[in-house]
Amino acid sequence: MLDIKKMRQDPDFYKKKLGTRGVKPEEIDEVLDLDKKRRDLLQKTEALKAQRNEASEKIGEAKKKGENADEAIAQTRKLGADIKELDKKVDANDEKLHDLLAGIPNIPHDDVPVSLTEEGATELRKVGTIRKFDFEPKHHWDIGTNLGILDFDRAHKVSGARFVYYLGLGAQLERAVYNFMLDEHMKDGYTEVLPPYIVNAASMYGTGQYPKFRDSVYRVNGEDMTLIPTAEVPLTNYLRGEVIPTEELPVYVTALSPCFRSEAGAAGRDTRGLIRMHQFNKVEMVKYTKAEDSWDELEKMTANGENILKKLNIPYHVITLTTGDMSFTAAMTHDIELWMPAQNKYREVSSCSNCTDFQARRMHTQYRDENGNLQYVHTLNGSGLAVGRTVAAILENYQNEDGSVTIPNVLVPYMHGVTKITKENAVPFRNK
RNA sequence: GGAGAGUUGGCAGAGUGGUAAUGCACCGGACUCGAAAUCCGGCGAACCCGUGUAGAGCGGGCGCGCAGGUUCAAAUCCUGUACUCUCCUCCA
């Protein structure tokens, strides 16, 4: 949610900045018209209310003295009707204003590359050496299926498209990866959290999924409850409506959670493999910071995500998304994309965003600055990392010609000493 | 799923139709070499509108979980609803 007062003061700035995200200037004008109308109506109704309050007070005094106040009551009665009429108009106007304003995205930072499409993203750095294969590298879904550790067919039978079973060492690998990630983040100062996986509509609104993206989530139990599309929702809403003691800032939290997404509109994309599932695991990082610290914190958070890939020794690059490609709430987003040999390209594994005060204004999450004034916190979120995609990358980058997969060194302890997944050790019950 | 109780300022806690007690905490001052104690004064989240250089000051609105209703007037009455707690049932 943007600050309407600031928008009122400098409409041209907002039109220019939001234009880079595809917001039409007429939308801003409409918001400002409704804002003006709101203030006009408020002045009228508040003047009447002041009048009524004064009259009521006099009636009260008269009654105390035992005097007759019938005439004054009759006169004041009319005021009540007028007020009710005006208040209805105010409410209707407020609703329109709020709906419009809640659908306008965050203001992009000046350093964000301007483009309405994903083309034009800035590459910040490229890390790691891309492995040269002396055989044709296989896709992870073929590797996983051949080893028996990924079973897409039976998931399709039991659940449907875009679901998967992990088995044996595959399931263990997934668990090893997210335990490794959580341990690394704890070393970096994050507090581990195990949040609820179902949240209410107010939380979805707070982080900005609602009202715009109702259709991309799974709702349960009628309208209100939603399976989380990301742990960002319960982590960021954790302090919703609160004033955070200043000495606690910055707050770093991390959580593993499943993420549920309907992937409406993604039909036909990434139909094979682990890349785009209705349910996947993700380790999420969330920070609450003071306003002046959030840009530094974004860089640190991105580094926390990169740290995982460095230790896993998987090549990646970091890009800054364009104005048109960023998520609704972000003022700037760094994506980490890891290397998928079989696809011969980088694929997104993390998205780290500074949402500035955009979510905090929706959630009313504040702190007191050095003058004792209330300020909105800045919120950041980033994947640290998407677990399924990381597993996919391990399978592809660490595959051997015979179809086996070597376990990255840092994960061996998490795999209880297993150094390689082979057809023989992959799924015990298949080898009886 | 059934029954009951509760929801008031940072915290505790009064208030059953006349416009939110009191205590603690907090802020300012006095006393003191200083601090504690004590005394005096102030302050009741945030928010919204007007005025204004101002997130100062001043004026107004709103404000007792939330949303409606009755009334000149609602924390108080009525209706609905959310959440919390207790007991029963159930369950990992």
Side-chain angles (χ1 to χ4, degrees), chain A residues 1-10 31-98 101-102 194 196-206 210 220-226 234 237-249 288 290-292 356-357 359-378:
Chain A
M1 181 76 72
L2 295 170
D3 188 342
I4 185 73
K5 284 184 190 165
K6 285 185 184 155
M7 192 184 287
R8 203 187 287 156
Q9 282 163 8
D10 195 355
V31 166
L32 291 173
D33 284 348
L34 288 167
D35 176 54
K36 180 77 178 77
K37 194 172 166 207
R38 165 167 185 273
R39 280 145 59 220
D40 289 344
L41 287 168
L42 272 180
Q43 280 174 45
K44 282 184 198 158
T45 186
E46 286 186 6
L48 292 182
K49 281 177 185 171
Q51 214 176 315
R52 180 180 65 182
N53 286 346
E54 200 181 332
S56 288
E57 205 165 333
K58 278 186 188 148
I59 291 167
E61 281 167 25
K63 288 232 175 179
K64 246 182 212 166
K65 289 184 211 154
E67 293 168 6
N68 184 302
D70 289 352
E71 199 180 323
I73 288 174
Q75 278 174 4
T76 314
R77 185 170 294 152
K78 168 113 181 34
L79 271 181
D82 291 348
I83 288 169
K84 195 173 271 186
E85 206 48 40
L86 273 169
D87 275 350
K88 263 186 200 155
K89 285 187 191 166
V90 172
D91 287 347
N93 193 74
D94 272 358
E95 200 180 325
K96 266 197 242 170
L97 174 59
H98 183 266
L101 197 57
L194 202 161
Y197 299 152
I198 299 179
V199 297
N200 57 32
S203 297
M204 292 295 280
Y205 174 79
Y210 282 6
V220 293
N221 206 14
E223 280 299 294
D224 195 48
M225 305 300 274
T226 306
N237 277 282
Y238 179 64
L239 296 175
R240 164 153 55 87
E242 301 193 28
V243 177
I244 305 175
T246 308
E247 65 271 17
E248 290 183 9
L249 293 172
Y288 303 79
K290 293 182 192 172
E292 64 269 26
T356 59
D357 60 358
Q359 293 178 322
R361 186 168 283 110
R362 291 176 162 237
M363 297 189 301
H364 298 289
T365 302
Q366 299 168 303
Y367 70 101
R368 287 188 190 278
D369 64 21
E370 59 275 13
N371 299 320
N373 293 320
L374 285 167
Q375 300 282 2
Y376 288 110
V377 298
H378 281 197

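All chains are named by letter (A, B, ...) in the order of the sequence lines, taking the proteins before the strands, and each is independently numbered beginning at 1. What you see is a predicted model; the values in this text were computed from it and never measured.
Among the protein residues, T76(A) comes within range of the sugar-phosphate backbone only, with heavy atoms under 4.0 Å from sugar or phosphate atoms but none that close to a base. At a threshold of 4.0 angstrom between heavy atoms, the contacts of K5(A) are confined to the sugar-phosphate backbone, with no base atom among them. Contacts of A55(A) with the nucleic acid, taken as non-hydrogen atoms under 4.0 Å apart, are absent.
A search for side-chain hydrogen bond (donor to acceptor under 3.5 Å, both in side chains) contacts involving Q375(A) returns D369(A), not counting sequence neighbours. For the side-chain hydrogen bond (donor to acceptor under 3.5 Å, both in side chains) test, residues two or more places apart in sequence or in another chain that qualify with Y205(A) are H98(A). Scored by the salt bridge (charged side-chain N to carboxylate O under 4.0 Å, His left out) test, D3(A) finds R361(A) as partners (sequence neighbours excluded). With sequence neighbours excluded, the residues forming a side-chain hydrogen bond (donor to acceptor under 3.5 Å, both in side chains) with T356(A) are N106(A), listed by chain and number. Here D35(A) pairs with R8(A), R39(A) under the side-chain hydrogen bond (donor to acceptor under 3.5 Å, both in side chains) rule; sequence neighbours left out. By the side-chain contact (heavy atoms from CB on, under 4.5 Å) test, A62(A) pairs with E67(A), A69(A), sequence neighbours left out. In this view, K36(A) and D40(A) satisfy the salt bridge (charged side-chain N to carboxylate O under 4.0 Å, His left out) rule, not counting sequence neighbours.
Here the side chain of T76(A) pairs a donor or acceptor atom with the backbone of A72(A) at under 3.5 angstrom.
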N/O-N/O pairs, protein side and nucleotides 62-69 of chain B side, under 3.5 Å:
unit_1, atom_1, unit_2, atom_2, d
rC62(B), OP2, N53(A), ND2, 3.3

Please produce a list of atom pairs where a protein N or O lies less than 3.5 Å from an N or O of nucleotides 54-58 of chain B.
unit_1, atom_1, unit_2, atom_2, d
rG55(B), N1, Q375(A), NE2, 3.0
rG55(B), N2, L374(A), O, 2.5

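Nucleotides rG15(B) and rG69(B) place their C1' atoms 23 Å apart, quoted to the nearest Å. The P atoms of rA74(B) and rU19(B) are separated by 12 Å, rounded to the nearest whole Å. A gap of 16 Å separates the P atoms of rG13(B) and rC24(B), to the nearest Å. Taking atom C1' in both rG18(B) and rC27(B), the straight-line distance is 33 Å, to the nearest Å. rA20(B) and rC62(B) are spaced 12 Å apart, taking the P atom of each and rounding to whole Å. With both ends at atom C1', the span from rU22(B) to rA14(B) equals 7 Å, rounded to whole Å. The separation of rU38(B) from rU32(B), taken at their C1' atoms, amounts to 12 Å, rounded to a whole angstrom. As rounded to the nearest Å, rA21(B) and rU79(B) have C1' atoms that lie 30 Å from one another.
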Item to check | Working for side-chain contact (heavy atoms from CB on, under 4.5 Å), residues V31(A) and L97(A) | outcome: CA-CA 6 Å; V31(A) 166; L97(A) 174 59; 3.8 Å; yes
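A straight line from NZ of K78(A) to P of rA73(B) spans 14 Å, rounded to a whole angstrom. Here the P atom of nucleotide rA46(B) and the CG atom of L239(A) are 19 Å apart, to the nearest Å. In this structure, OH of Y376(A) is placed 12 Å from P of rA46(B), rounded to the nearest angstrom. Going from atom CD1 of I244(A) over to atom C1' of rG10(B) covers 16 Å, rounded to whole Å. The nearest whole Å value for the distance from the NE2 atom in H364(A) to the P atom in rC47(B) is 10 Å. Look at CG on L86(A): it is 14 Å from C1' on rC49(B), rounded to the nearest Å. Computed from coordinates, the R77(A) CZ to rU70(B) P distance equals 12 Å when rounded to whole Å. Per the geometry, CG belonging to L79(A) stands 9 Å off P belonging to rA73(B), to the nearest Å.
Using a 4.5 Å cut-off on side-chain heavy atoms (C-beta onward), I4(A) and L101(A) make contact. Taking 4.5 Å as the limit, every side-chain heavy atom of Q359(A) sits out of range of all side-chain heavy atoms of V377(A).
Taking a pair as Watson-Crick or G-U wobble with both distances under 3.5 Å, RNA chain B forms stems of 3 or more consecutive pairs at B:1-7 with B:82-88, B:10-12 with B:22-24, B:26-30 with B:38-42, B:47-51 with B:57-61, B:65-69 with B:77-81.
Taking all atoms of both residues into account, the shortest heavy-atom contact from D357(A) to H378(A) is N-CD2, 3.5 Å.
Residues from residues 37-47 of chain A that place a heavy atom under 4.0 Å from any atom of RNA chain B, listed by number: R38(A), R39(A), L42(A), Q43(A), E46(A).
OP1 or OP2 of rC49(B) has at least one side-chain nitrogen or oxygen of R8(A) nearer than 4.0 Å.
Positionally, the nearest nucleotide of RNA chain B for E57(A) lies more toward the 5' end than for the other of E54(A) and E57(A). Toward the 5' end of RNA chain B, the nearer of the two residues I4(A) and Q366(A), judged by each one's closest nucleotide, is Q366(A).
The list of salt bridge (Lys or Arg N to Asp or Glu O under 4.0 Å) pairs with a residue in residues 79-94 of chain A, not counting sequence neighbours, reads R38(A)-D94(A), K49(A)-D87(A), K78(A)-D82(A).
The NZ atom of K37(A) sits 5.0 Å away from atom CG of N93(A), with the distance rounded to the nearest 0.5 Å.
The local environment of OH in Y238(A) is sparse, with at most 12 non-hydrogen atoms from other residues, nucleotides or ligands closer than 6.0 Å.
In the model, N200(A) has a side-chain atom that pairs as donor or acceptor with a side-chain atom of S203(A) under 3.5 Å.
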